[in-house]
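Notes to accompany the following structure.
Side chains are part of it too, since the values below use all heavy atoms of this structure and drop only hydrogens, waters and symmetry mates. By convention in this document, chain letters (A, B, ...) are assigned in the order of the sequence lines, proteins followed by strands, and residues within each chain are numbered from 1.
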Amino acid sequence: MEMTKQNNLLTSGQLIFMIIQTQIGVGLLGLTNQVHEDAKGDSWISVIVAGLLVQVFISIMWMLSKRFENQTIYDYLPKVLGRYIGTIIHFCYVVYFMLVASFIVIQFSKTVQNWVLIDTPRWIVMGMMCCVCFYLVKENLRTIARFFVLVFFCNIAVIVIAAYAYIHVNFLYLLPVGQEGIWNITKGVHRAMTSFAGYEMLLICYPFVGGTNKQKFKAASIANLFTTILYTFAVLTSIIVFSPPELALLPQPLLYMVKALSFTVIERPDLYFLSLWAVVAATSFMGYTYMASRGLANLFQAHSSHQRAVPYAVGITFTLAVIFQNPRYLYLYQWILSASDYIFVIGVPIILLLISVMLHKSQVKERIG
Amino acid sequence: MKIVKIILSICLLLLTGCWDQQMLKDDRLAYVIGYDLSSEGMIQSTTVLLKVSGLPADKSEISEVHTATGFTSRHTRDITDREVPGKLSASKLRMLLIGEDMAKQGVYPLLDVYYRDPKSALNSKVAIVKRSAHDLIATKTKSTQINGEFNKLIKSGEKRTVVPTVNLELICTHMLDPGEDFAVPYLTQHDTNPVIEGIAMFNDDKMMGVLNSEDSLMYLLMKNKLAKTASLTLEVDKNEAQKPYNYIALDFQRVKRKLNVSVDGYKQIKVLLDLKVKVTAIEYPKDHLYLNRTLEKLDQKLSQDLTHKAEAVVRQMQDCNHDGLGIGRRIIAYYPNTWKKLNWEEDYRNIEIIPKVTVEIVNHGIVN
Amino acid sequence: MGFFQKMFSNNPRKSSSISKMPVLTPQPLLPNIQENINYVKEALFHTDDLIHQTLSIPGYNSEFLFLYSMCDQKKIRDEILKPISDHRHLDQELKEILIDMRANKHDDLENVIDLLVKGNAVLFIEGFTECYVIEVRSSHERNVAEPSNEKTVEGSHAGFVESLTINLQLVRKHIENRNLVVRRYKLGKQTRAETVLIYLNNLANPELIDEINERLRSINADNITSTEFIEEYIEDTSLSPFPQLLHTERPDRVIANLLEGRAALLAEGSPTALLMPVTFFSFYQSPDDYYFRSFSGSFIRFIRIVSFVIAICLPAYYIAVVSFHYEVIPQDLLLPIKSSIEHIPYPPILEALFMELTIELLREAGIRLPGPVGQTIGIVGGLVIGDAVIKAGLVSNAMIIVVALTAISSFVVPSHEMSSSVRILRFPVMIGASLFGFFGIVYSLMMILIHLCSLHSFGTPYFAPVAPFRLKDWKDMIIRFPQWKLNQRSNDPAPQKLSQEGYSGEGHHGDDQAE
């Protein structure tokens, strides 16, 4: 029984968490190492710049979504670009989301295998992740959003655990600021962008969120603000805890720095940290799977429920993950993703926006298209 | 058909476990590991296992000790594992002892396995042993079982500001850092017991020298690492007939450190180390500490003495090429261009470090 | 899941035939007494507890019928025989005698038979076109004593009994409000159990009432004997470990919930009321919380929520720690734990299952046995088995502590159904822990949380106010704010008006100034 029609929509508050949980995921652990490769002690600047850049992209997406207030990107793609090109891009989006989702699973299982479940076959870890994901995504969007809000506390707990590392820090590692020069910082920004991905949820969720356009923009911005703060915190903490040569050796500095902490009641907080992070990574995966299955459902039947497409989306993602888990493919995979990230998250929305502005296409006049 | 599938998948799931199971009850836990350089340049390891008395009747007092010689520390662990009934695990290691000869050769290759293994205990304490770690462990275990003895010793040293608070992880970050060096506790043997002799100073991953326990206190104060308590007995007079009247014992209450690194032109590096300490006189048989005159005189005398002590410590540090104060890191941070021109390994010895200690007695206990 | 769907496909809401109560054609009274009696006897298949007696009312040929199993002999004497004998010598009108008997006129035999089955006596008088029905039902009611499974320290000690009338009275007595509505249902084609739905008309959401009404009407079953039977027909998700309707035998709990805009279901013959819609946290609240001071009330509630976490996670956590991640045991605790499990032959999961099973057996045995014996079993089982099992080296000390703590925690829950759900839920978590360590725990907890997020109880989210998050309702969830702070009702039953009090904190400031 639905009490009122309004209840079918997410609140803009829930949108914040939808975006945060999709953005923050496997990147949380690996981000520092990735960015540090180029930007060294200035990595935190790169992360902040990346956050600002993402804010710009969010604005673009918002402007686009505002024009088609009651439609997902899948709905208005064919209307703006024509049926054939639209369907092709639509298909590409679905593939892209699935690739990202399987990349998350691969990264996740790799980290878990390195740190805890050393002998457990990768496909089992992946399978567990996919099962949990399937179990949630087959529910309606409201349930997904509720769950995302609920597990948000994991992020806070992650911060709290990491904050203990401040017992032994050396702020001198940050100095001199700007040591690596603009070029290296820019390269760092590029590397950080992949970890920020997930705000494209805005393109898909937009019509399902209640509230004014302004509220939605605010929600997306708050989400991005939080992600930027969390990432900056993670990177900054890692930089001031480890000396630069050591940091270069550590793929997951956040984990490494809590590994040596010991308290009266517990030791090895990294194991707890990993368990919480598993939830964070899972929500990110769920977010992408949701986007993929919504796309998949729309591909075959417009406006249909995403729920029926979930088994296929999860199944394909799992298969992709199992096939490409080999570290040799992983580099290529990563390269493809960071390139397509720009295309699908930034490129296509800008083009869509330009075309729709030039041709005065929006929801009101949709019939012309 | 569906039921069969479900049952099959449940069975599959239940069978999957056990890959990563490591039962606490089956594993043998290494509690203390010592590494020495053996005669042929190989590594000799001495492993003390955690003594577990499962049944109350089992009351043998002596810990199990295994010795093995191998090429690397991992190799020795594998060899030890062959001797030990049950799987040997170093994931609850509490104390890592390294013989002096080994330490002088460099410790990174020895510790790499600990840094690489996800299960290793990075919070384990590290100490250097004068002569041989094996002898220290062997004599101790002959008489009693070792469970936390070494660890407790080091921990109380840390609390008394005798040794720096370090563990495997904390030394790693300085070991790799060109701009700062680390020091670890240095143990010797007194009868059958281990004793804290002072600290062993490192340059990169090689041990370069030793500071005795009183100098190490000064060293830690200069690093601004005052722990819970720190007490020091100093000679302030030479003329009294009865010896104890010549001495004062201080307890350091608070330390304020100013470390100022300045670079004038090419390689002219000058470090001003200004220490302001507030102390309690915890032992001073001569009394009269309530008089301002006495206090002022003592303050002055103590400041002088401690400044001399500090200078001596600095000299030793520079001789050992041990940049424990992290001066290099400051140069990187504040004078990055100068740093690029420096060859820190060579130039550190030649920089000018000027310590200055100012003592103020703020408390003299409950008698005047 | 297809298997389960098939097994449980008999979903009452999906089934096409909404039950139609069998409609009886009215049967007018027959002119002859004997014919009437025969008709009744035929209709009741000559059941042997049907008694018919001749009454000696002067001037009238009359007979009366009753089911002796349902009737109180004393009442028959007092209400039927006595008025007649009182009036024998006086030449009184029959009418007055009937008034004395408090008899009701009826002219439909079918209806009369139904009444007969309920414990009424029927008086047939020759030549009359109506018969008279006199209520002589025997009733054996318990006292309205405090229910043994929902004891509170303070507050009302009344409890529901098996009589619907008394139960309704208990509720009405406290809510003397014209908005209290009672809706009557007859459920079960065979049992025709009298069931009532009560709610406050100005508070309960009309959509909620419609929904409940719909679900009750769609029950198409032969046997409904008590409220617990109804529960499974009307709850949202039967295949869930979590109870979605709150059982209670306490009138004060029912009243409090009615005043929050919920509805309650009571049935004849059942002392249990069903409250709906409820959230997960309703099961962790007890009337005691409100009788205590705000601080102690909040503390107790907090303890209960902690008990939920302990009951589900503790054994799993212990298993994960000793068989996967013993690195997390602090150094000083390592030696005691290791020495306690060193010589145990079984893996921790088996140890745990064995002990949990023992505790469940003890619990079940304790309930079934009469009072004092039950306690003895508890002591014998708990102390003797526990001690012997350790001495024999089957189970470790640490495991006994863990299992005992878990068992105690699972009994802290004020609601019995939730307590059993919690006890069941910890097994999958334990198995998860024994397969994948912490990851197993995290994944099973995630599954449980997802399930909680997706559950609904009559349209309201089950896990409110945590998911969906609503901070205002936390005032009366894990912590209990002082009454004068609870300005709004909780939002989850979607009451018609949220505000339940104006500013009532004036008293506090008044005290300050009076000094």
Side-chain angles (χ1 to χ4, degrees), chain B residues 1-7 9-10 12-32 49-59 63 85-87 89-95 117-125 145-148 150-152 155 167, chain C residues 1-7 316 318-351 353 390-399 427-428 430-441 443-444 447:
Chain B
M1 203 47 218
K2 263 182 185 157
I3 302 171
V4 177
K5 268 185 205 161
I6 288 166
I7 291 171
S9 53
I10 289 172
L12 197 67
L13 196 73
L14 287 175
L15 288 171
T16 53
C18 318
W19 287 301
D20 285 298
Q21 226 172 36
Q22 41 159 7
M23 294 277 189
L24 179 59
K25 67 188 176 88
D26 297 335
D27 283 9
R28 306 302 306 273
L29 306 177
Y31 233 40
V32 178
L49 299 182
L50 177 68
K51 179 78 197 155
V52 177
S53 44
L55 301 167
D58 181 17
K59 274 221 173 78
S63 299
K87 202 179 113 229
S89 157
S91 56
K92 287 310 281 183
L93 186 70
R94 296 186 70 172
M95 188 77 227
D117 182 5
K119 289 190 196 304
S120 70
L122 284 184
N123 57 355
S124 143
K125 300 281 174 204
Q145 64 184 56
I146 298 183
N147 275 345
F150 286 104
N151 215 278
K152 280 178 193 150
K155 274 199 176 143
N167 58 29
Chain C
M1 285 314 275
F3 163 65
F4 288 106
Q5 268 160 17
K6 222 176 269 173
M7 220 168 123
Y318 176 76
I319 291 170
V321 165
V322 296
S323 50
F324 279 88
H325 313 292
Y326 60 73
E327 294 96 336
V328 303
I329 306 173
Q331 309 239 315
D332 300 327
L333 197 60
L334 187 68
L335 193 57
I337 291 187
K338 178 137 170 78
S339 47
S340 96
I341 64 170
E342 187 77 0
H343 297 287
I344 305 299
Y346 303 118
I349 177 75
L350 285 186
E351 255 184 283
L353 288 177
I390 293 175
K391 285 228 174 95
L394 288 176
V395 176
S396 62
N397 280 318
M399 183 57 88
F427 289 102
M430 267 156 63
I431 290 170
S434 75
L435 293 180
F436 303 105
F438 282 174
F439 281 89
I441 300 183
Y443 278 111
S444 24
M447 287 283 205

Sort Pro336(C) into side chain, backbone, both or neither according to what part of it lies under 4.5 angstrom from a heavy atom of chain B.
neither

Rounded distance [0.5 Å steps], OH in Tyr326(C) versus NZ in Lys25(B)
13.0 Å

Can you find a heavy atom in the side chain of Tyr31(B) that is under 4.5 Å from one in the side chain of Leu334(C)?
yes

Could you have a look at Ile337(C), Ile329(C), Val321(C), Ile341(C) and say which one has the most heavy-atom pairs with chain B under 4.5 angstrom?
Ile341(C)

Here's a test for you: under side-chain contact (heavy atoms from CB on, under 4.5 Å), which of Glu327(C), Lys338(C), His325(C), Glu342(C) qualifies with Leu24(B)?
Lys338(C)

In short, Ser323(C) meets Gln21(B) closest at the heavy-atom pair O-CG, 3.3 Å

More than 12 foreign heavy atoms under 6.0 Å from NZ of Lys152(B): is that the case here?
no

More than 12 heavy atoms of other groups within 6.0 Å of Phe427(C) CZ
yes

Within the distance-only criterion (no hydrogens, no angle test), does the side chain of Gln22(B) pair as donor or acceptor with the backbone N or O of Phe324(C) below 3.5 angstrom?
yes

